[in-house]
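Notes follow once the structure below has been shown.
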Protein chains: 2
Amino acid sequence: MQKLLQTLNNYTKLSESSTELITGCFVHKKIPKGTILISEGQTARYFYWLVKGTMRGRIAPKGELITTWFATKNMFCSSMPSFISRKPSRESIEALEDCEVYCISRHDVLMLFKQTTEMSSIVRKMAEEAYIHSLNRTYQFQSLSAKERYDSFVMHYPELMQKIPLGMIATYIGITQQSLSRIRKQL
Amino acid sequence: MQKLLQTLNNYTKLSESSTELITGCFVHKKIPKGTILISEGQTARYFYWLVKGTMRGRIAPKGELITTWFATKNMFCSSMPSFISRKPSRESIEALEDCEVYCISRHDVLMLFKQTTEMSSIVRKMAEEAYIHSLNRTYQFQSLSAKERYDSFVMHYPELMQKIPLGMIATYIGITQQSLSRIRKQL
DNA sequence: GGATTCTTTTACCAAATGGTAAAAAATGGA
DNA sequence: TCCATTTTTTACCATTTGGTAAAAGAATCC
């Protein structure tokens, strides 16, 4: 919980009373490996903060599962567009390891919008971050080779290399598992 | 101006007084072909609504210009992350034809945030749209072939095919001009 | 019109990637 | 430990894409 508050404070400095209110809205949960927290078509009702473990967003347009993002320790995750706009989610969220999270419901987020001055600022900044991350990712596909995208991935998620099946990483950077295996061999 | 108001009303129904206030903040301008409205490194101070013409976002990471987006008639454009977060823009904005725009300054947008209830909702929805567009784009790079990305482009921007140099479209979908010429020949 | 410039096509070959399949390696459970 | 399952590597070949270059075509300016 300490780490979570620290992250929130990095977005916007929280007053003592807001800290108390916000803290009260996050619920601690254990999520077993393999759990689908949000399924495609469902509307995301919770926002998650990862204390421990790894999750991914995934989508299956042509039958095969494609990874849309990874979230690791000390990161927030959810189906952002669905959570924000209350639309059915295009992607699912899957726990890739046993996870521990703090989660908050949309209902409580809306409540905090009214009762604190900081919450809307925090959510706005998180949305901006997510948007910029998406722009960067698009830009990488436009201008980087598969090998360069892989290098960039290793740079950003070094710890995932040990934990996550190669195939999930391959679809994340837009290539097949075999190609990634080849790329990795070259070094 | 009628069309602009119509678009704004599609985001959020405007009251009569807000309509008047907002209308007063948009300035009509003619932009000659080739104009750089925002340069890389500069902070975006205006938001543009295209009455006529075409613009693009571009970036030159390795010397060569890459198109990051196109905007056509009846669309908004700016360097969104820069305009919203007041950070130096990573991309430039270029008029690809003689354009007519209505533009609004950040100063006026902030003023409208305070004086109307609708403006913040409009901007929030526009940001959501931009975010979802970026996610879709990333997703296309992950899962579609160059040919499929080209088909998708033609579907979304049919009128651009006649007006815009092929090379600009090629970098937008992440391939070289030669490859796109080849793809187009196959039909 | 004619020259200049920009744009598009084409050709050639090298490099990268995909698809199918099978073997090898690693993992997890009984 | 051994078996079953999952994951990774490897091989082979077809397809796609990139890079360089040159030719053809279109637009622009004087």
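The figures that follow rest on heavy atoms only: side chains count, while hydrogens, waters and symmetry mates do not. Residue numbering restarts at 1 for every chain, and letters A, B, ... go by the order of the sequence lines.
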For atom CZ of B/F141 and atom P of C/dT17, their distance in whole Å: 14 Å

Quickly work out the B/Y150 OH to C/dT8 C1' distance and round it to whole Å. 12 Å

Counting primed atoms, P, OP1 and OP2 as sugar-phosphate and everything else as base, the B/S/- map of nucleotides 8-24 of chain D against protein heavy atoms under 4.0 Å is BBB-B----BBSBB---

Rounded off to whole Å, could you give me the CD-to-C1' distance for the A/E148 and C/dA16 pair? 13 Å

Can a donor-acceptor pair be found between the side chains of B/Q177 and B/R182 at a distance below 3.5 Å? no

When you measure from the side chain of A/H156 to the backbone of A/S152, do you find a donor-acceptor pair of N or O atoms at a distance under 3.5 Å? yes

Between atom CD in B/Q162 and atom P in D/dA26, what is the gap in whole Å? 14 Å

Do the side chains of B/E91 and B/R58 get nearer than 4.5 Å, heavy atoms only? no

Using the C1' atoms of the five pairs at each end, what is the angle between the end axes of the helix from C/dG1-D/dC30 to C/dA30-D/dT1, to 10°? 40°

For A/Y11, does the six-membered ring have the charged nitrogen or CZ of A/R124 within the cation-pi criterion, i.e. under 6.0 angstrom from the centroid and within 45° of the normal? no

If we ignore hydrogens and angles and just use 3.5 Å, is the side chain of B/R106 paired with the main-chain N or O of B/R45 as donor and acceptor? no

Between P on D/dT7 and CE on A/M161, what's the gap in Å once rounded to a whole number? 15 Å

Determine yes or no for a side-chain-to-main-chain donor-acceptor pair under 3.5 angstrom, with B/S179 supplying the side chain and B/I175 the backbone. no

Answer yes if the ring centres of A/Y102 and A/Y48 are under 6.0 angstrom apart, and no otherwise. no

Kindly confirm or rule out a cation-pi arrangement of B/K29 over B/Y46, judged by NZ or CZ under 6.0 Å from the six-membered ring centre and within 45° of its axis? yes

